[in-house]
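One structure is given here, and the rest of the page talks about it.
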Amino acid sequence: MSDAPKVRVRFAPSPTGYLHIGGVRTALYCWLYAKQKGGDFILRIEDTDQERSTDEAVQVVLDAMQWLGLDWSEGPTVDGAPTLGGGDHGPYFQTQRKHLYAEYADKLIADGKAYRCYASKKEIHEARQAFEKEHGKGFKFQSPWRDRDASEGDPSAPHSIRFKAPKTGVTGWVDKVKGRIDVPNDTQQDFILMRSDGLPLYNFGCVVDDHAMGITLVVRGDDHVINTAPQILLYEALGATSPEFGHLPMVLGKNGKKLSKRNTEVAVAALDYRDLGYLPDAVLNYLARLGWSHGDQEIFTRDELIAKFDWEHVGSNASKYDLKKFLHVQSQHLRMLDEDTLATMVVPFLKARGLEVAADNATLRAALGPVKLRAATFIELADGLDYFFRDDVTYEEKAKKKFLKPELAGNLEKLAEIVESASAFDEETLERDVLAWTEPAELKMKFVAQPARVAMTGRTRSPGLYETMVLLGRDKTIARLRAAAEVAKQAEPA
RNA sequence: GACGCGUUGGUCUAGUUGGCAAGGACGUCUGAUUCUCAAUCAGAAGGUCACGGGUUCGAUCCCCGUACGCGUCACCA
């Protein structure tokens with residue numbers, strides 16, 4: 001039996017009002033790893049930035065994680081979802097763990113690894129300005145309190161707590177994705193552990209929580225590599241073994257810049273993809289594959305991802321977000337759904353267009369097959385289904401102009417007649433009867449089919465002619481053909 | 001400026017003890033099919049593996065340098 005400690009990974013978002021798609025990828029890799037190893041996946045809310053951390057902002061994170069199906073074994077609890085959250089390392093909100101940070105800070109002070117710094121913000125600010133005027137960036141505040149005797153200060157006066165950083169040596173680690181990284185200690189400064197208001201700064205809160213929660217691997221974006229050496233220094237000062245670290249490269253927008261809300265061309269908030277009609281599994285698949293690979297495989301189910309994920313094949317360079325490929329992955333996943341699921345899931349999207357359709361509606365069931373071949377998202381699927389459930393067709397302007405014109409009205413009327421008198425209302429019969437008309441007349445199909453398509457659907461693109469007729473039903477087909485014929489007669493001749 | 005990270009066709013990438021005509025996918029284009037679109041099938045174009053030096057019989061893979069890109073330098077996270 002192995003004594004390898006149980007894998008415990010955490011995702012620690014700060015609630016900013018939306019869950020960034022890049023954050024989802026970080027969460028996903030952690031989650032996959034935990035699932036694969038039978039470990040724990042912990043969700044911790046880093047809400048020490050109190051202006052931004054509202055209840056709603058937290059809720060958005062929880063909703064997004066739930067929608068994506070990234071279930072956490074420990075973390076905030078959710079009403080109605082008894083399997084989510086809980087755990088005996090709580091609370092899972094940083095603001096509720098203040099006593100812990102104070103405790104750890106006191107210990108460090110007692111051990112001579114940290115000290116109280118009474119320098120005022122003003123004092124520091126001035127020192128910085130003086131430095132930057134001469135040397136530019138790179139200011140490191142040298143607190144006079146580092147070497148003073150503690151008795152010179154008054155602990156009841158406002159003060160921060162600073163780490164007594166070593167000035168020599170090198171701190172390094174083997175990063176799960178980037179490999180060996182070493183940074184000389186003389187680049188460190190006596191960074192602040194606790195602010196004067198009693199809240200921990202990121203590096204400290206993070207270490208205290210990760211340590212107290214028994215995290216074995218810390219995974220985060222690579223904008224955090226700079227924080228890792230200081231954190232390792234802290235683990236050492238606490239006499240604790242530090243966890244492993246893995247830093248994921250950034251996700252970039254098309255312009256090569258960090259993907260952000262400013263990059264309006266793509267949605268960056270995870271929940272936007274729900275509203276856009278994407279499947280959680282597709283989002284996960286695309287994100288997993290963005291920066292990770294498994295040979296030539298592109299499409300993965302959720303279970304395959306869990307089984308095949310590995311850190312060795314996580315790339316160490318930033319990648320650009322490509323919506324086209326994402327859409328392709330999405331369409332592949334859409335096709336993998338069985339009819340029941342598809343029907344159930346498209347219903348809300350139909351409703352959003354004002355169409356109340358039951359999931360077991362026969363027309364819906366029948367139309368799903370042909371329509372889903374032409375759709376990638378649920379929005380597109382609902383759009384392709386739309387005209388089957390409306391009383392009247394709305395013609396696209398261009399379609400109307402091109403096909404509903406006087407010289408084609410006759411074809412529509414003739415077609416209506418054929419449909420009306422067909423001996424049976426099925427695709428074979430309809431096709432036979434229509435060809436019996438067009439072939440002797442040497443009438444090209446496109447002069448019949450295209451106007452008819454516009455008549456029945458309002459558009460120039462749809463499933464096949466006879467297929468659409470059958471889905472629509474005989475009465476509606478005839479009515480729409482005749483209505484369109486009238487419209488065509490009124491139109492200006494070309 | 002300092003420190004760190006990165007660099008394979010437009011994009012995501014495969015390439016692991018250096019010996020391939022550098023593979024796949026998205027996208028693009030062509031053809032087949034059809035009443036349209038999509039799907040499908042068959043093809044095509046697109047790479048001096050950032051650049052320059054080494055090491056080697058031989059480098060996308062090893063070493064050094066250069067360029068470019070990105071990230072971070074807070075009592076934010």
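Each chain gets a letter, A, B and so on, in the order its sequence line appears, and its residues count up from 1.
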To the nearest angstrom, how far is [X] atom [atom1] from [N] atom [atom2]?
{"X": "A:Lys254", "N": "B:rC26", "atom1": "NZ", "atom2": "C1'", "answer": "10 Å"}
{"X": "A:Leu201", "N": "B:rC76", "atom1": "CG", "atom2": "P", "answer": "6 Å"}
{"X": "A:Lys325", "N": "B:rG10", "atom1": "NZ", "atom2": "P", "answer": "15 Å"}
{"X": "A:Leu248", "N": "B:rG71", "atom1": "CG", "atom2": "P", "answer": "16 Å"}
{"X": "A:Leu327", "N": "B:rA39", "atom1": "CG", "atom2": "P", "answer": "11 Å"}
{"X": "A:Phe93", "N": "B:rA77", "atom1": "CZ", "atom2": "P", "answer": "17 Å"}

If the cut-off is 4.0 Å, is [X] near the phosphate of [N], judged by side-chain N/O to OP1 or OP2?
{"X": "A:Thr187", "N": "B:rC3", "value": "no"}
{"X": "A:Ser319", "N": "B:rU13", "value": "yes"}
{"X": "A:His313", "N": "B:rG15", "value": "yes"}

message = Evaluate A:Trp292 against A:Tyr29 for ring-ring contact (aromatic ring centres under 6.0 Å, His included), listing each step before the verdict.
response = CA-CA 10 Å; A:Trp292 169 79; A:Tyr29 288 1; 7.4 Å; no
[atom1] atoms of [N] and [M], separation to the nearest Å:
{"N": "B:rC51", "M": "B:rC12", "atom1": "C1'", "result": "24 Å"}
{"N": "B:rU66", "M": "B:rC75", "atom1": "P", "result": "33 Å"}
{"N": "B:rC29", "M": "B:rA21", "atom1": "C1'", "result": "23 Å"}
{"N": "B:rA50", "M": "B:rG6", "atom1": "C1'", "result": "11 Å"}
{"N": "B:rA25", "M": "B:rA45", "atom1": "P", "result": "15 Å"}
{"N": "B:rA2", "M": "B:rC63", "atom1": "C1'", "result": "25 Å"}
{"N": "B:rG19", "M": "B:rG1", "atom1": "P", "result": "39 Å"}

Verify the distance criterion only: is there a donor paired with an acceptor across the side chains of [X] and [Y] at less than 3.5 Å?
{"X": "A:Asp281", "Y": "A:His333", "value": "no"}
{"X": "A:Thr228", "Y": "A:Arg220", "value": "yes"}
{"X": "A:Arg453", "Y": "A:Gln450", "value": "yes"}

Checking all strands, does [X] fall into the base, sugar-phosphate, or nothing category for heavy-atom contacts under 4.0 angstrom?
{"X": "A:Glu46", "answer": "sugar-phosphate"}
{"X": "A:Asp197", "answer": "nothing"}
{"X": "A:Thr48", "answer": "sugar-phosphate"}
{"X": "A:Ala376", "answer": "nothing"}
{"X": "A:Gly138", "answer": "base"}
{"X": "A:His247", "answer": "nothing"}
{"X": "A:Asp296", "answer": "base"}
{"X": "A:Lys137", "answer": "base"}
{"X": "A:Lys121", "answer": "base"}
{"X": "A:Arg128", "answer": "sugar-phosphate"}
{"X": "A:Ile192", "answer": "base"}
{"X": "A:His224", "answer": "base"}

Item checked: Near-ring test A:His224/A:Tyr202, centroid separation under 6.0 angstrom ->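 That pair passes the under 6.0 Å test.
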- Would you check if the distance from the ring center of A:Tyr321 to the ring center of A:Tyr286 is below 6.0 Å?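 Between A:Tyr286 and A:Tyr321, which both carry aromatic rings, the centre distance is below 6.0 Å.
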Between the base of [N] and the side chain of [X], is one N or O donor paired with an acceptor at under 3.5 angstrom?
{"X": "A:Ser196", "N": "B:rC75", "result": "yes"}
{"X": "A:Gln297", "N": "B:rG24", "result": "no"}
{"X": "A:Asp222", "N": "B:rG71", "result": "no"}
{"X": "A:Lys324", "N": "B:rC26", "result": "no"}

*Check whether more than 12 heavy atoms from other residues, nucleotides or ligands sit under 6.0 Å from atom NZ of A:Lys402, and answer yes or no.*
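For A:Lys402, atom NZ is not crowded (no more than 12 foreign heavy atoms under 6.0 Å).
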Measuring from the side chain of [X] (C-beta onward, heavy atoms only), which nucleotide among [options] has the closest atom?
{"X": "A:Lys258", "options": "B:rU72, B:rC12, B:rA77", "answer": "B:rU72"}
{"X": "A:Ile181", "options": "B:rC26, B:rC75, B:rC5", "answer": "B:rC5"}
{"X": "A:Gln189", "options": "B:rA74, B:rG6, B:rU11", "answer": "B:rA74"}
{"X": "A:Asp223", "options": "B:rG71, B:rC26, B:rC75", "answer": "B:rG71"}
{"X": "A:Lys320", "options": "B:rU7, B:rC12, B:rA14", "answer": "B:rC12"}
{"X": "A:His328", "options": "B:rG71, B:rC12, B:rA25", "answer": "B:rA25"}

*What is the ring orientation for A:Tyr18 with A:His20, classed by angle as parallel under 30°, tilted 30 to 60°, or perpendicular over 60°?*
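Rings of A:Tyr18 and A:His20: tilted, as their planes differ by 30° to 60°.
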What is the minimum heavy-atom distance between A:Val9 and A:Cys30, and which atoms define it?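 What the structure gives for the nearest pair is CG2-O, 3.4 Å.
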Discussion item. Check whether A:Glu467 reaches the backbone of A:Gly464 with its side chain - one donor and one acceptor, N or O, closer than 3.5 Å.
Written reply: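 Pair found, side chain donor or acceptor close to backbone of A:Gly464.
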* Donor-acceptor pair, side chain of A:Tyr273 and main chain of A:Ala267, under 3.5 angstrom ->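 Looks like yes, one N/O pair under 3.5 Å.
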With sugar-phosphate taken as primed atoms, P, OP1 and OP2 and all else as base, the protein-contact string of nucleotides 30-38 of chain B at under 4.0 Å (heavy atoms; B, S, -) is -----BBBB
